[in-house]
Amino acid sequence: MKRFLAALALTAFASLPALSLLAPVPARAANIQNIDLGRNAEVWFAEDHTVPIVSFNISLPAGSAYDPAGKAGLASFAASMMDEGAGGLDSKAFHEALANRAISFNARAERDYVVITVTTLKENAPEAMHLLQLALTRPRFEAEALTRVRAQIIQSLQQDQAEPPRVASRAFMRDFFGDHAYAHPVAGEINSVSSVTATDLRNFARSHWTKYGLKVAVAGDITGPALARLLGDTFLPVSGAMPAALPNVGRLGAPGVHVVPLPVPQPSVYFGLPGIMRHDPDFITGYVGNYVLGGGGFSSRLMDEVRVKRGLTYGISTSLTSYNKASVMVGSVATRTDAVRQTIQVVRDTLAEFAANGPTQQELDDAKTYLTGSFPLAFASNSGTASQLGTFQRQNLDVGYVARRNALIQAVTLADVKKVAKRLYDPARLTVVIGGSPADARAPQYPVPLPPGNPPRPPQPPAGAAAAQASDAASQGVMPAPRPANKPLAGPLTTPKTAKKP
């Protein structure tokens with residue numbers, strides 16, 4: 001019964017952001033402390049005693065960009081094995097130790113980092129961090145768990161091969177990044193995952209699960225001194241080895257249209273351009289401009305042109321995503337097989353018009369109002385706060401950025417956005433990947449550019465994608481997972497719900 005009540009309390013508190021909203025969210029968002037954990041680690045801390053919960057967001061330089069040649073997916077495989085046994089605990093015992101104290105533990109690989117999230121009741125924080133320490137320093141990588149997790153990954157990869165959004169997304173990254181490590185899927189390929197051994201996992205963990213470059217964001221019911229002691233004890237035995245540096249990216253993009261044939265009624269299209277690095281002074285301006293162009297749901301230009309005026313899709317979206325070594329503006333849309341060519345041409349025309357003229361003053365004002373007004377929602381819970389801070393850390397921002405962020409957005413002018421739009425949205429440089437087989441006999445073939453578009457057809461019931469909204473966090477570091485629907489939708493158009501943005 002005690003275990004059940006603890007689990008119930010953690011679930012209830014974590015799922016009720018309204019409780020956290022009773023606290024002064026803007027003040028908490030701005031009052032971020034630095035905790036000293038040594039020269040090569042960074043800790044940000046938001047103290048909040050509203051509820052007895054502590055959330056940790058921990059980033060290690062162990063993302064898929066560090067996968068060795070021929071072992072694509074190794075970083076993601078290792079992350080999936082992190083809670084599958086450590087020290088004296090096998091997989092079952094490790095999971096029981098988490099469940100007995102209602103500890104939420106998750107590890108996932110991104111392009112540059114592996115991100116570990118831990119949420120726990122205050123009283124169980126020491127045990128949660130002890131389990132994390134075991135996972136990082138004494139992973140077991142036992143045969144039974146390795147076989148089971150491998151089978152799960154391969155099953156997921158097999159499913160991806162039949163889903164147009166996944167096919168298009170993977171092909172886009174491959175074509176856009178060429179021979180750089182960013183080109184291969186985070187989860188790897190079936191052949192590469194099949195070749196991963198326990199020795200591979202141990203070697204990767206030994207060289208990349210280190211505290212060199214460690215980034216920790218913490219929010220919740222703990223004091224600064226107590227947190228410093230807890231983290232110091234947790235990471236003391238963790239290796240301080242320095243992982244090898246990532247190579248620089250060469251060319252970005254493969255302009256033209258690339259087709260990955262699939263016998264589906266609704267192809268998915270991914271399109272993109274070289275983006276703006278996070279440390280570039282124009283990044284915030286580009287971020288605001290992207291919201292106007294394709295990041296703002298029904299308030300965006302692309303949604304208006306592609307869905308509202310022409311009925312070619314249920315949703316289209318873009319995001320500005322920055323990695324450690326490259327940045328990309330990427331968008332996605334799904335449409336009927338006989339409307340693919342027209343949809344891509346409308347995208348090109350919209351990019352060209354936006355590059356030439358930029359947004360209107362009203363569009364800019366509306367974007368700034370939304371982006372600044374919704375930002376505090378990212379801090380509505382301890383887990384949300386830790387996640388947002390962790391994202392900013394992975395973008396190598398300073399701790400004061402949280403307090404400055406809205407002022408930076410408010411300072412963006414119409415002239416600023418017009419200048420950046422000319423720099424960013426050149427349709428001649430556009431890389432387009434189609435996951436599916438366009439029905440039009442004149443459909444573009446790899447890598448021939450599109451011919452001029454036809455006059456737009458009257459709106460028709462589209463078979464498209466629900467709009468995907470990238471949060472402030474996603475737009476500044478993590479390319480969102482593909483969201484287009486895989487089936488044509490019947491009936492009249494309805495307005496999809498728009499995800500809230502922090």
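Below, all heavy atoms of this structure are taken into account, side chains as well, without hydrogens, waters or symmetry copies. The first residue of the sequence shown is numbered 1, and numbering continues consecutively from there. Just so we're clear, the structure is a prediction, and the values are computed from it rather than from any experiment.
Put simply, CG on D282 and CG on D416 are 8.0 Å apart, with the number rounded to the nearest 0.5 Å. Atom CG of N382 is separated from atom OG1 of T120 by 11.5 Å, given to the nearest 0.5 angstrom.
At distances below 3.5 Å, not a single donor-acceptor pair connects side-chain atoms of K418 with backbone N or O atoms of P359. Remark: the backbone N or O of T321 is not paired with any side-chain donor or acceptor of S319 at under 3.5 angstrom. For the pair H180 (side chain) and F177 (backbone), a donor-acceptor distance under 3.5 Å is absent. Without hydrogens or angle criteria, K211 side chain to G240 main chain gives no donor-acceptor distance under 3.5 Å. No donor-acceptor pair under 3.5 Å is formed between the side chain of T431 and the backbone N or O of F271. No donor-acceptor pair closer than 3.5 Å links the side chain of S192 to the backbone N or O of G188.
Partner of Q362 under the side chain to side chain donor-acceptor pair (under 3.5 Å) criterion, out of T360, D366, D365: D366 alone.
Atom CG of N191 has 12 or fewer neighbouring heavy atoms from other residues, nucleotides or ligands inside a 6.0 Å radius.
At a threshold of 4.0 Å, the pair E42-R394 does not count as salt-bridged, since none of the basic side-chain nitrogens sits closer than that to a carboxylate oxygen.
Across every non-hydrogen atom of V433 and A168, the tightest pair is CG1-O, 3.7 Å. Contact record, L351 with L273: CD1-CD1, 4.4 Å, taken as the closest heavy-atom pair.
F375 does not carry R404 over the face of its six-membered ring by the limits of under 6.0 Å from the centre and within 45° of the normal.
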Next on the checklist: Determine whether R170 and E189 satisfy the following criterion, salt bridge (charged side-chain N to carboxylate O under 4.0 Å, His left out), listing intermediate values before the conclusion.
Outcome noted: CA-CA 10 Å; R170 284 166 171 256; E189 305 285 1; 3.8 Å; yes
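Note: Y370 and Y291 have parallel aromatic rings, judged against thresholds of 30 and 60 degrees for the angle between ring planes.
With sequence neighbours excluded, the residues satisfying side-chain hydrogen bond (donor to acceptor under 3.5 Å, both in side chains) with N203 are R206.
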When the side chains of residues 241-251 are checked against the rest of the protein, which donor-acceptor pairs come out under 3.5 Å, sequence neighbours left out?
{"from": "N248", "atom 1": "OD1", "to": "K325", "atom 2": "NZ", "distance (Å)": "3.1"}
{"from": "R251", "atom 1": "NH1", "to": "D175", "atom 2": "O", "distance (Å)": "2.8"}
{"from": "R251", "atom 1": "NH1", "to": "F176", "atom 2": "O", "distance (Å)": "3.1"}
{"from": "R251", "atom 1": "NH1", "to": "G253", "atom 2": "O", "distance (Å)": "3.0"}
{"from": "R251", "atom 1": "NH2", "to": "D175", "atom 2": "O", "distance (Å)": "3.4"}

